[in-house]
There are 2 protein chains.
Amino acid sequence: MTAPEGRLDWGPLGDSLGFLLRLAQLEAFEAYFAAMEGAAPLPGSLSILLMVRGNPGIRQGVLARALRIKRAHMTKIVQSLEQAGLLRGSVPADDRRAIELHLTPAGLAEAERAWSAVHAHETAPPATLTAEEAAQLRHLLRRYLSLQEHGHEP
Amino acid sequence: MTAPEGRLDWGPLGDSLGFLLRLAQLEAFEAYFAAMEGAAPLPGSLSILLMVRGNPGIRQGVLARALRIKRAHMTKIVQSLEQAGLLRGSVPADDRRAIELHLTPAGLAEAERAWSAVHAHETAPPATLTAEEAAQLRHLLRRYLSLQEHGHEP
DNA sequence: ATATAACTGTATCCTTGTAAACAACTGTTG
DNA sequence: CAACAGTTGTTTACAAGGATACAGTTATAT
């Protein structure tokens, strides 16, 4: 009676977008760690470095909302990146509550080095999908998230 | 110089499947909790109940691999579900290391009650996608995960 | 002006999930 | 059989992330 491995009945879960997204995200993270082998920072840290590179002077809170990291957690990550000398924060004159973030030269170098490693991993389509399907999947996810296409890779 | 909210440059992250999956998953979870308001168990627990319903007698470890929950964590969740009277485990005669899981009548009732609530939430397409796009997205995720289509909802 | 509300980041505690070592059991190989 | 390796679930110790309450600052309304 025990269901044999590999022939499980996924029941309604197979039609659940939330469940499929969760599984897919875990799959992608596993692939990331397996491919990077410590050659890249944690995904959260890397995403912060890349966002600060593209949006210099962005505030912690804005970044937190964009990346869906809680503000309390953002504080910790930013502090660790500052301690690592990759990031520096400055308080703008017009609002002394805020902190504007900039990459240090070391941070810029690290962002580019790490991204090139990740990029090599990301551009290989995920074995189970054709290149077109992967592109279509990215497109639909951007629409789901209401992120505009930016033609970066046509 | 500070990038205005809503017009951020996502840079390479907008083309990163892993990053898009992470954001999408967080979005879906937020929508789940907002819609359920405590009317459904945690996603992990619900997925276990539904999988045991569809695969009675499944072993903890098989379930853990399928749902990508670590075995240590699976132990805790299963114990809490047993304590709640929703699940029971039995040791098969031919392998006394293993534990085969079955739903109790209460567990079956809870699985069906909770799923019907989640189902109502899930079938409303996610506002940013048409129904066809949502179906296409689910299809691609199943392919990404190598889950066979089961025609449950054609 | 002064009080009140809202915003921004921080510190604290708590829950969820992971890693590593372990005990019980099974299977294989000499 | 005896020894050894692999599996299965559990325990323990820890890290990652979330909730809450807070201090400092700014904006708004009397």
Side-chain angles (χ1 to χ4, degrees), chain A residues 2-5 22-23 25-27 29-30 32-34 37-38 41-48 52 57-83 87-102, chain B residues 2-5 22-23 25-34 36-38 40-48 52 57-83 87-102:
Chain A
T2 302
E5 178 117 17
R22 172 176 150 80
L23 247 54
Q25 198 249 322
L26 292 174
E27 166 73 23
F29 263 50
E30 282 174 21
Y32 177 90
F33 288 116
E37 293 256 354
L42 297 175
S45 298
L46 179 55
S47 66
I48 290 174
V52 175
I58 192 174
R59 296 181 181 188
Q60 275 191 209
V62 174
L63 194 48
R65 268 191 301 280
L67 298 177
R68 293 174 193 264
I69 295 170
K70 294 291 170 291
R71 279 182 342 209
H73 190 209
M74 180 62 75
T75 295
K76 297 178 195 170
I77 303 179
V78 164
Q79 284 175 349
S80 83
L81 290 174
E82 282 179 338
Q83 261 180 325
L87 212 59
R88 103 191 129 69
S90 58
V91 175
D94 64 325
D95 187 344
R96 282 181 302 178
R97 296 168 301 183
I99 295 187
E100 294 179 345
L101 299 176
H102 296 267
Chain B
T2 302
E5 177 117 39
R22 172 175 152 80
L23 247 54
Q25 198 249 320
L26 293 174
E27 166 73 23
F29 263 50
E30 282 173 22
Y32 177 89
F33 288 116
M36 292 304 111
E37 292 257 356
L42 295 176
S45 298
L46 179 56
S47 67
I48 291 174
V52 174
I58 192 174
R59 297 182 180 187
Q60 275 191 210
V62 174
L63 194 48
R65 270 192 300 281
L67 298 177
R68 293 175 193 265
I69 295 170
K70 295 289 172 291
R71 284 188 339 234
H73 190 207
M74 179 64 74
T75 294
K76 296 178 196 172
I77 303 179
V78 164
Q79 284 175 348
S80 83
L81 290 174
E82 281 179 339
Q83 260 180 324
L87 213 60
R88 98 190 133 72
S90 58
V91 175
D94 64 324
D95 187 345
R96 283 181 301 178
R97 295 167 302 183
I99 294 189
E100 295 178 344
L101 300 176
H102 297 265

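This one's a predicted model, so the numbers in the text were calculated from it and none came from an experiment.
The aromatic rings of Phe29(B) and Tyr32(B) lie tilted to each other, with the angle between the two planes from 30° to 60°.
Between Met74(A) and Ile69(B), the one whose closest nucleotide on DNA chain C sits nearer the 5' end is Met74(A).
Atom NZ of Lys76(A) and atom C1' of dC13(C) are 10 Å apart (whole Å). The distance between atom CZ of Phe33(B) and atom C1' of dG17(D), rounded to the nearest whole Å, is 13 Å. Spacing between atom CD of Glu100(B) and atom C1' of dG9(D) amounts to 14 Å, rounded to whole angstrom units. One can place CZ of Arg96(A) at 14 Å from C1' of dA23(D), the figure rounded to the nearest angstrom. Rounded to a whole Å, the CD atom of Gln83(B) is 13 Å from the P atom of dT10(D). Straight-line distance from the CZ atom of Phe29(B) to the P atom of dG18(D): 11 Å, rounded to whole Å. Note: CZ (Arg68(B)) to P (dA19(C)) measures 14 Å, nearest angstrom. Glu30(A) places its CD atom 13 Å from the C1' atom of dG17(C), with the value rounded to the nearest Å.
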Table please: side-chain donor-acceptor pairs of residues 90-99 of chain B below 3.5 Å, with sequence neighbours left out.
{"from": "Asp95(B)", "atom 1": "OD1", "to": "Arg97(B)", "atom 2": "N", "distance (Å)": "3.1"}
{"from": "Asp95(B)", "atom 1": "OD1", "to": "Arg97(B)", "atom 2": "NE", "distance (Å)": "3.0"}
{"from": "Asp95(B)", "atom 1": "OD2", "to": "Arg97(B)", "atom 2": "NH2", "distance (Å)": "2.9"}

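Looking at heavy atoms from C-beta onward, Leu26(B) lies out of side-chain contact with Gln25(A) at the 4.5 angstrom threshold.
Looking at residues two or more places apart in sequence or on another chain, you find no side-chain hydrogen bond (donor to acceptor under 3.5 Å, both in side chains) involving Glu82(B). For Ser45(A), the side-chain contact (heavy atoms from CB on, under 4.5 Å) partners two or more places apart in sequence, or in a different chain, are Pro41(A), Leu42(A), Ile77(A), Leu81(A). Taking the side-chain hydrogen bond (donor to acceptor under 3.5 Å, both in side chains) definition, one finds that Glu30(A) meets it with Arg68(B), sequence neighbours left out. The side-chain contact (heavy atoms from CB on, under 4.5 Å) search around Arg88(B) returns His102(B), Thr104(B), not counting sequence neighbours.
Of the candidates dG17(C), dT16(C), dA11(C), the closest approach to any side-chain atom of Gln79(A) belongs to dA11(C). Counting only heavy atoms from C-beta on, Lys70(B) has its side chain closest to dA19(C) among dA19(C), dT12(C), dA13(D).
At dT10(C), one or more side-chain N or O atoms of Thr75(A) fall inside 4.0 Å of OP1 or OP2 (strictly under the cut-off).
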What protein N or O atoms touch nucleotides 1-8 of chain C N or O atoms at under 3.5 angstrom, if any, and at what distances?
{"from": "dC7(C)", "atom 1": "O2", "to": "Arg97(A)", "atom 2": "NH1", "distance (Å)": "2.9"}

